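Let me begin by presenting the structure, written as structure tokens, before commenting on it.
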Amino acid sequence: MTSEHTIIAKAEAPVAPPIAHARFSIGDVVRHRMLDFRGVIFDVDPVFANSEEWYNSIPEDFRPSKDQPFYHLLAENMESSYVAYVSQQNLVHDDSDEPIDHPAIAGLFDRLDGGRYGLKRQHRH
């Protein structure tokens with residue numbers, strides 16, 4: 001085989017996505033920046049990991065960028081408790097020191113201490 005028939009494929013290095021830095025941790029009590037609810041974080045996605053249908057249901061003017069951390073919250077408002085999925089840009093620390101009134105808290109967390117819930121030992125990695 002001559003050198004004109006020898007083709008070496010040069011693989012391009014994969015491009016890594018930008019590194020997203022989470023401002024909040026599991027157990028942090030947070031509140032939504034614009035909506036009237038607060039909650040405790042029980043999981044973190046480094047970037048958006050929900051459905052396109054969910055994402056597209058957010059009004060375009062308020063739709064957050066997907067390349068930031070998204071947080072799963074045990075959330076509450078004046079009427080009910082529920083699970084919320086919120087972008088980092090829409091959360092701030094809640095400094096009220098008030099506990100979150102959600103029925104799933106006791107299954108995942110120990111008591112509130114210093115504005116944070118401690119994850120129960122059996123749920124730690």
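Being a predicted model, the structure only gives us computed values, none of them experimental. Heavy atoms only: backbone and side chains are in, while hydrogens, waters and symmetry mates are out. The chain is numbered in sequence order, starting from 1.
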Full working for side-chain contact (heavy atoms from CB on, under 4.5 Å) between R63 and D61: CA-CA 6 Å; R63 206 172 288 159; D61 293 348; over 6 Å; no
Would a distance-only check, ignoring hydrogens and angles, find a side-chain to backbone donor-acceptor pair under 3.5 Å from [X] to [Y]?
X	Y	answer
Q68	V47	no
Q88	R23	yes
H32	M34	yes
D45	F48	no

Which heavy atom in [X] sits nearest to a heavy atom in [Y], and how many Å separate them?
X	Y	value
P64	F70	CG-CZ, 4.0 Å
H102	S81	CD2-CB, 3.5 Å
W54	Y85	CZ2-O, 3.3 Å
D36	M78	OD2-CG, 4.4 Å
P69	V44	CB-CG1, 4.4 Å
L74	V83	CD2-CG2, 4.2 Å

Ring centers of Y71, F24 separated by less than 6.0 Å: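 They qualify: ring centres under 6.0 Å apart.
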Say you draw a straight line from [atom1] of [X] to [atom2] of [Y]; how long is it, rounded to the nearest 0.5 Å?
X	Y	atom1	atom2	result
S87	I58	OG	CD1	7.5 Å
E76	Y82	CD	OH	8.5 Å
S25	L119	OG	CG	11.5 Å
D94	R38	CG	CZ	4.0 Å
I105	D110	CD1	CG	11.5 Å
D28	L73	CG	CG	10.5 Å

Over 12 non-hydrogen atoms of neighbours within 6.0 angstrom of CG in N56: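 Buried by this count: over 12 neighbours within 6.0 Å.
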Tell me whether E52 at atom CD has more than 12 heavy atoms from other residues, nucleotides or ligands lying less than 6.0 Å away.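 More than 12 within 6.0 Å, yes.
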Would you verify whether the NZ or CZ of K120 falls within 45 degrees of the ring axis of F109 while also being under 6.0 Å from that six-membered ring's centre?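 Not satisfied by the 6.0 Å and 45° rule.
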Cation-aromatic face contact R111/Y117, 6.0 Å, 45 degrees: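 That pair does not qualify as a cation-pi contact.
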Electrostatic pair R31-E98, nearest N-O below 4.0 angstrom: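 Between E98 and R31 there is no salt bridge, as every charged N stays at least 4.0 Å from the carboxylate O atoms.
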